[in-house]
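On a predicted model such as this, the values are computed, not experimentally measured, just so you know.
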Amino acid sequence: MAERERRQEQKRVNEVVDVITEKIEKITGKKGEVRKGIVDLRKTFWDDVTVNLDENDDVYETQASIKQQAELLSERERRHGQMTKELKTLFRLQETPYFGRIDFREEYEDQVEPLYIGIGSLMDSRNEDFLIYDWRAPISSMYYDYAPGPAKYSSLDGEVEGSMTLKRQFMIRDGQIKGMFDTGLTIGDSLLQAVLSGKASTHMKSIVATIQREQNQIIRNEQDRYLIVQGAAGSGKTSAALQRVAFLLYRYRKTLRSDNMLLFSPNPLFSSFISSVLPELGEENVVQTTFKDFIEERMGGELQLENPFDQTETCLTMGEGPQLKTKIAGIHFKASLAYRDLIDHWLDHLKRAGMFFRDVAFRDRIIVSGKEIEGYFYALPQDQTLLNRLEHVRDWLLRRIAIFSKHERQEDWVLEEAGLLDKSDYKNIFDKLQQEKQFSDATFDDYDREELLLRKIVMNRHLKRLRRQVKELDFVNTQKVYSEIFYQKYSVDAVPKEWGAICRATRMRFEEGDCPWEDAVPYLYMKEKIQGRKGNRDIRHLIIDEAQDYSPAQLAFLKAAFPRCQMTILGDVNQAIYAQSLGEDTMLSEHLYDPNDVQKLTLLRSYRSTKEIMNFARAIVPMGKVIEPFDRSGRLPEWIDTHNQSEKTEIILSKIDDFKQNGHETIALIGKTMKECQEVYDLLKQRTDVKLITQETYQFDKGFIIIPIYLAKGIEFDAAIIYDASASNYSHESERTLFYTACTRAMHELVLLSSGAASPFLDTVPSEHYTRTQL
């Protein structure tokens, strides 16, 4: 690049930074004035409100005065919030004003217009011309989608065609150009090399400066209801999805808010890892949860729900035998749509018989027995839905409770508790008595009337919880109704051959008040079919990461739970680790969706790991040949044979020292199970600074950690050690994707340790793709 051009570009950067600095000073001053106005308005709020409650007209006038004052305060608070958000963007632009430039000449125009692209828009000091275009603006899409030559973008007036005469990338830090490249179609490898050769972070970074064309397709897709992204490990699918969220919030900023979007992440640690991406882009984080927490909240605490990680740990540590075979068969069947069909047949049967009801009781006294409720329920017309009949039962029970309350409030205990009520309760009763006297000509004994009102207060408070439970249809014993499925007989074609053992194991768990993870969605499906579905209409967009670990039944449940939603569904079939996802279908199977509503995109290029690590890892999985490693070189993965535990421990400590000397800041020892991780942690904690990552870990810091594979999903480390890559630990075909997932966590260096025979998964890796050390 000619030095003259570089000086010209630096001059422009300086001018833009000056404009940004000027705007920061101006907005900071205004923000201070607005803040002072808010404080003053809060202090004098009631001084400026006319309060008069003597007449109805006066009351209305008072309400209008309060509303006007509140709206004024709210408007100023909104203005203050907007200024705060604008300042955050300006401070980010001050450090790195922009990362790209395209020179574009519209069709039939002579003038070429240079367009500079950054994380936010910036107007000149007169607010007339754009100095920087937001990367999400329609015109900015050309930067990601076209090489110099013919180009176009969509605008409100239709497509604008023309030609791109220049495409340039910048690396700007603290207002200084550190690198400048002219490039073709893709974001140039020079910039990617610089970004990817850096150290792993404890938080995911924004990728707006390095978005590739295929990632831009994900980000700017607006028309498809279901967008499925199958992406290789390290292909940037999660990053692209988060930039997609930022794009949609920008594109539909008048109608879409961050709390209209929900992200399902694989675990709390991953939620922490990605938490900084959207704030970096000037957007608020969307609502985040795990699927387990979402299910648990809908279950309402009536059962002790198994954690999916505990299920995985059980399957990985159970050992060979009929118990494991039964467990896996049950997980696969309950994750299928065939099992949902079986539940639908059971629901149809419940219209005639099979419903179970809890006693409606108060203070150990039965108001209405479960048997009596059952009789009333099945006496109702069978052509009504289960829910309609239950609503009739609900209204009947509330009437029965009202009758019970009328009699029960005459009991002595009620008056005794009335004597313990607060002074405010007595004042309310006094005011009510005075009001009754004012508007009624009737005479009555104040004492008797006061006692009656006190008794009513006591009874209403005691019965409040019971009435709420009845209104929510909790008198249905859904736990028992679901358990009855496993006492029924089915044809051999409808259930797996292990069905008898599956039934015994499930009945035992439910009788103990436990809900196995594989039963969670089927149980909720049945429960909401009976008691009514809790559809969420506030959430308009779902982002589901690690979708290869979701079953068809879970997808069907989510469709029903979020009826208005678009979905961005991300995953990698090569990283499936849960037993349910090792069956036939997952949420990445596009045939589960209406063909008119679904678009599937595939990301084949992997950016996270060095070429050497990715060449090693992709040889492990059957379809690995299609994965394209990014051309960033490093050390070959190292496979080390050890003889005993003492030798393995010393090797780990030695490697940790080597990694730190090489400048690596995030180092992970990856175990297959939590049990394995706990054992090695106990061996190492006295000899080095190390942290064990568990299900309760919500974030991690730089340094050396020990983590099971299923908690490391989606996270990356400078260097990774696979603790036990021997055949005794990884041999079953179902563990191949688990092993691949572990290997692809490393960005720069990968070490595998084994004792005895190595995992057969390594047999498919050409010897030139790793070094082997035999001690």
Side-chain angles (χ1 to χ4, degrees), residues 12-52 60-98 116-137 140 172-176 206 208 245-261 275-287:
R12 186 184 191 276
V13 170
N14 296 341
E15 291 170 353
V16 169
V17 170
D18 288 343
V19 173
I20 294 170
T21 303
E22 181 185 334
K23 284 180 179 281
I24 288 174
E25 291 172 354
K26 191 174 181 180
I27 294 172
T28 301
K30 287 184 178 179
K31 183 184 172 189
E33 293 173 7
V34 173
R35 185 177 183 279
K36 185 178 182 302
I38 291 171
V39 172
D40 292 342
L41 196 56
R42 286 174 176 168
K43 285 180 180 178
T44 62
F45 186 93
W46 292 106
D47 296 342
D48 299 325
V49 171
T50 304
V51 178
N52 189 342
Y60 293 137
E61 185 179 336
T62 298
Q63 289 176 340
S65 180
I66 293 172
K67 183 180 179 183
Q68 183 181 17
Q69 197 74 350
E71 286 176 350
L72 179 61
L73 178 60
S74 178
E75 188 277 328
R76 291 192 181 178
E77 287 174 337
R78 276 196 303 272
R79 191 176 168 199
H80 187 270
Q82 289 167 353
M83 288 179 170
T84 300
K85 186 175 180 180
E86 190 174 351
L87 280 174
K88 285 180 180 179
T89 300
L90 287 171
F91 279 122
R92 282 191 292 269
L93 290 175
Q94 192 176 38
E95 182 181 339
T96 305
Y98 41 82
Y116 288 83
I117 298 161
I119 64 165
S121 295
L122 180 74
M123 304 289 285
D124 62 19
S125 55
R126 296 188 301 273
N127 288 327
E128 293 177 354
D129 297 313
F130 278 98
L131 296 177
I132 306 171
Y133 286 89
D134 191 297
W135 67 276
R136 297 167 289 187
S140 302
I172 302 174
R173 299 290 181 269
D174 297 323
Q176 296 298 311
S206 161
V208 291
V245 169
F247 170 77
L248 292 173
L249 289 172
Y250 172 87
R251 174 72 175 80
Y252 299 101
R253 51 192 176 277
K254 292 184 179 179
T255 57
L256 187 67
R257 304 186 312 273
S258 58
D259 56 3
N260 296 139
M261 308 181 86
S275 62
S276 63
V277 174
L278 287 170
E280 271 186 36
L281 299 171
E283 300 292 350
E284 294 180 8
N285 267 320
V286 298
V287 184

Pairwise side chain to side chain donor-acceptor pair (under 3.5 Å) hits with a residue in residues 119-128, at least two apart: K23-N127, R126-E128
Verdict with supporting geometry, I27 and L90, side-chain contact (heavy atoms from CB on, under 4.5 Å): CA-CA 10 Å; I27 294 172; L90 287 171; 3.6 Å; yes
Partner residues of S74 under the side-chain contact (heavy atoms from CB on, under 4.5 Å) criterion, sequence neighbours left out: R78
Under the salt bridge (charged side-chain N to carboxylate O under 4.0 Å, His left out) test, residues paired with K85 that sit two or more places apart: E283
Trace of the side-chain contact (heavy atoms from CB on, under 4.5 Å) decision for S275 with N285: CA-CA 7 Å; S275 62; N285 267 320; 4.2 Å; yes
More than 12 heavy atoms of other groups within 6.0 Å of E284 CD: no
Nearest-0.5 Å distance that lies between atom CH2 in W135 and atom CD1 in I119: 10.5 Å
Y98: partners by ring pair (Phe, Tyr, Trp, His ring centres under 6.0 Å), with sequence neighbours left out: Y116, F170
Closest approach of T28 to I24 (non-hydrogen atoms, all atoms of both residues): OG1-O, 2.6 Å
Partner residues of R257 under the side chain to side chain donor-acceptor pair (under 3.5 Å) criterion, sequence neighbours left out: D259
Selection residues 24-38 - residue pairs positive for salt bridge (Lys or Arg N to Asp or Glu O under 4.0 Å), sequence neighbours left out: K36-D40
Flag if over 12 foreign heavy atoms under 6.0 Å of CZ, R79: no
Side chains of L122 and P97 in contact at under 4.5 Å (non-hydrogen atoms): no
Exam field: side chain T96 to backbone R173, donor-acceptor pair closer than 3.5 Å: no
Step-by-step side-chain contact (heavy atoms from CB on, under 4.5 Å) determination, I132 to M123: CA-CA 7 Å; I132 306 171; M123 304 289 285; over 6 Å; no
side-chain contact (heavy atoms from CB on, under 4.5 Å) partners for K88, two or more places apart: T84, R92
Euclidean distance, Y252 OH relative to F247 CZ, rounded to 0.5 Å: 7.0 Å
Residues that R253 engages under salt bridge (charged side-chain N to carboxylate O under 4.0 Å, His left out), provided they are two or more places apart: none
By ring pair (Phe, Tyr, Trp, His ring centres under 6.0 Å) - contacts of Y133 (at least two apart): F130
Side-chain donor/acceptor of S140 to backbone N/O of R136, under 3.5 Å: no
L249 and M261, any side-chain heavy atoms less than 4.5 Å apart: yes
Pair R12-L131, side-chain contact (heavy atoms from CB on, under 4.5 Å): steps then yes or no: CA-CA 10 Å; R12 186 184 191 276; L131 296 177; 4.2 Å; yes
Rounded distance [0.5 Å steps], CD in E86 versus CE in M83: 8.0 Å
Partners meeting side chain to side chain donor-acceptor pair (under 3.5 Å) with E77 (sequence neighbours left out): R42
Any donor-acceptor N/O pair, D174 side chain to E95 backbone, under 3.5 Å: no
Partners meeting side chain to side chain donor-acceptor pair (under 3.5 Å) with K254 (sequence neighbours left out): none
With T21 via side chain to side chain donor-acceptor pair (under 3.5 Å) - residues at least two apart: Q94
